[in-house]
Amino acid sequence: MELTIVIEKPAHRALLFGPADSHLRLIRSALDVRIAARDASVHLSGTADGVAKAAAVIEALQQRIRSGETVGTDQVGAAIELTSRGHDSDRRDVIDVYSVQNVAPRTPGQAEYIEAISGADLTFCVGPAGTGKTYLAVATAVSMLKRNRIKRIVLVRPAVEAGEKLGYLPGDLQAKVNPYLRPLFDAMHDMMSFDQIRRFMQNDVIEVIPLAFMRGRTLNASAVILDEAQNTTVSQMLMFLTRLGHDSKMIVTGDDSQIDLAPGQASGMVDALRRLRGVDGIAIVRLKQSDIVRHRLVQHIVDAYAGLDKKTERTPFGSAASAAGA
């Protein structure tokens with residue numbers, strides 16, 4: 001079988017092909033196809049299955065470039081691995097949400113994360129900004145709601161200031177905490193309509209609350225997501241984890257390089273990872289810089305700050321428990 005793919009923007013040729021065509025060579029080696037790159041086109045030849053998969057990989061990479069995201073060796077390898085599992089309609093890791101466009105992991109680390117949520121009642125996911133920790137957790141919860149596996153979604157965040165004081169924000173309590181909860185709403189708006197979200201919130205099917213209001217609750221048949229968990233104290237984390245009820249799942253996400261607690265105050269997430277490692281029914285996943293799927297500059301920014309911390313031999317926040325299987 002032969003197929004010619006026209007590059008959408010010839011100016012992106014270097015990003016798509018990689019240094020000295022290294023990305024194309026990686027695709028050729030992994031999928032056993034022949035690739036000839038000429039000007040603004042790529043010619044593929046080989047078995048029907050190999051050509052189809054190579055074409056899907058190239059399209060996935062072009063989509064990343066369109067979104068301004070990083071395209072490097074790690075991303076090419078991830079695209080090859082995900083494509084090799086089969087197309088979206090055949091994949092078991094596709095997350096069925098209410099919107100027309102379903103959600104699927106885009107890196108091996110994200111795929112491990114989705115699998116961990118499926119198999120454990122409590123999942124911790126730790127990783128840098130842009131790795132999809134919150135987004136995939138919300139998508140999984142929305143999918144469970146759509147399939148009637150749960151009765152409600154509870155989205156929780158600690159209201160910890162990153163340089164600004166909560167009391168100086170305008171409005172009542174709800175207005176004050178809305179900025180802290182906004183990222184959870186942003187993710188959910190990609191998965192269902194505004195009217196649907198409003199209707200679910202009015203009926204308490206979806207609840208978005210600050211961590212401080214969780215005390216005394218027992219949450220049965222729910223998907224409970226704690227975001228920005230690195231900013232919980234040890235006592236807050238214990239309080240939150242003991243809210244888990246029957247037929248529920250908990251997902252705890254955080255970035256242990258961005259702790260905004262007062263100096264000397266231990267992070268409840270880091271403490272929980274140390275205490276709960278190896279407990280049956282609890283999964284711990286650590287996403288890496290290679291799992292970043294935001295704008296391509298985000299990965300460079302994370303790498304630059306990580307390199308600065310290492311160069312100056314600073315460990316400002318401590319390190320979390322190692323991921324299972326990482």
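Quick caveat, the model's predicted, so the values are computed rather than measured. The figures here come from the full heavy-atom set of this structure, side chains too, leaving out hydrogens, waters and symmetry mates. Counting from 1, the numbers follow the sequence of the chain as shown.
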Mark yes or no for whether Lys249, through its side chain, and Ala223, through its backbone, hold a donor-acceptor pair below 3.5 Å. no

State, yes or no, whether a side-chain contact exists between Phe213 and Val156 at a heavy-atom distance under 4.5 Å. no

Ile284, Val234: one ILVMFWY side-chain cluster at the under-4.5 Å cut-off? no

Once rounded to the nearest 0.5 Å, what's the spacing between atom CD1 of Ile292 and atom CD of Gln110? 10.5 Å

Common cluster, Leu273/Val279, ILVMFWY with side-chain heavy-atom separation under 4.5 Å: yes

Going by heavy atoms in the side chains, are Leu226 and Ile251 under 4.5 Å from each other? no

Salt-bridge test for Lys151 and Asp204: reply yes if a basic N is under 4.0 Å from a carboxylate O, no otherwise. no

When rounded to the nearest 0.5 Å, the distance separating OH of Tyr98 from CG of Asp190 is 16.0 Å

Quick one: closest heavy-atom pair of Ala221 and Ser248, and the distance? N-OG, 2.9 Å

So OG1 of Thr232 and CD1 of Ile259: to nearest 0.5 Å the spacing works out to 9.0 Å

Minimal heavy-atom distance between Gln236 and Asn231, with the atoms involved, is OE1-O, 4.1 Å

Take Gln265 and Thr233 through the test side chain to side chain contact (heavy atoms under 4.5 Å, CB included) and record every step on the way to the result. CA-CA 7 Å; Gln265 192 168 27; Thr233 64; 3.3 Å; yes

If you look at every heavy atom in Ile117 and Thr140, which pair is closest and at what distance? CG2-CG2, 3.6 Å

Check whether any side-chain heavy atom of Val126 lies under 4.5 Å from a side-chain heavy atom of Leu287, and answer yes or no. no

For Leu31, which of Ile80, Leu44, Leu26 qualifies under side chain to side chain contact (heavy atoms under 4.5 Å, CB included)? Ile80

Quick one: do Lys133 and Glu228 make a salt bridge, cutoff under 4.0 Å? no

CG of Leu136 to OG1 of Thr123: how many Å apart, nearest 0.5 Å? 12.0 Å

Test item: Leu145 and Phe200 side chains (from C-beta on) under 4.5 Å apart, heavy atoms: yes

Keeping Arg243 on the side-chain end and Met239 on the backbone end, is there a donor-acceptor pair under 3.5 Å? yes

To check you understand the geometry: which heavy-atom pair defines the closest contact between Ser41 and Phe17, and what is its length? O-CZ, 4.4 Å

Chi angles and distances behind the side chain to side chain contact (heavy atoms under 4.5 Å, CB included) call for Ile206, Met188: CA-CA 10 Å; Ile206 295 175; Met188 191 160 286; 3.4 Å; yes

Around atom CD of Gln62, are there more than 12 heavy atoms of other residues, nucleotides or ligands at under 6.0 Å? yes

Counting only heavy atoms not in Asp32, do more than 12 sit closer than 6.0 Å to its CG atom? no

Under a plain distance cut-off of 3.5 Å, with no hydrogens placed, do Arg152 and Ser222 share a side-chain donor-acceptor pair? no

Strictly by modelled atom types, are Thr47 and Asp49 linked by a side-chain donor-acceptor pair under 3.5 Å? no

Going through the distances and angles, do Val76 and Ile27 end up as a side chain to side chain contact (heavy atoms under 4.5 Å, CB included)? CA-CA 8 Å; Val76 176; Ile27 296 171; 4.1 Å; yes

If two hydrophobic side chains count as joined below 4.5 Å and joins carry through other members, does Met1 share a cluster with Leu24? yes

Are any non-hydrogen side-chain atoms of Leu3 and Val42 less than 4.5 angstrom apart? no

So which atom in Tyr113 and which in Gly132 form the shortest heavy-atom distance, rounded to 0.1 Å? CE2-O, 4.0 Å

Would you say the side chain of Met191 lies within less than 4.5 Å of the side chain of Val138, judging by non-hydrogen atoms? yes

Inspect the contact between Asp291 and Lys288 and indicate whether a charged nitrogen and a carboxylate oxygen are less than 4.0 angstrom apart. no

Under the side chain to side chain donor-acceptor pair (under 3.5 Å) rule, what do Ser257 and Asp255 come out as? Steps first, then yes or no, please. CA-CA 5 Å; Ser257 72; Asp255 179 358; 2.7 Å; yes

Can you tell me how far CG of Asp186 sits from NE2 of His189, rounded to the nearest 0.5 angstrom? 7.0 Å

Tell me, do Glu2 and Val51 make a side-chain contact under 4.5 Å, heavy atoms counted? no

Value rounded to 0.5 Å, distance of OG1 in Thr242 from CE in Met214: 9.0 Å

Check this for me, if you would: do Arg147 and Asp96 make a salt bridge, where the nitrogen-to-carboxylate-oxygen distance has to be below 4.0 angstrom? no

What I'd like to find out is whether the side chain of Arg217 reaches to under 4.5 Å of the side chain of Glu207, using heavy atoms alone. yes

So which pairs with a foot in residues 17-28 pass side chain to side chain donor-acceptor pair (under 3.5 Å), sequence neighbours left out? none

I would like to know whether Val224 and Leu244 meet side chain to side chain contact (heavy atoms under 4.5 Å, CB included); could you show each step before the answer? CA-CA 8 Å; Val224 191; Leu244 182 62; 5.7 Å; no

Of all heavy-atom pairs between Met237 and Ala229, which one has the smallest distance, and what is that distance? CE-CB, 4.0 Å

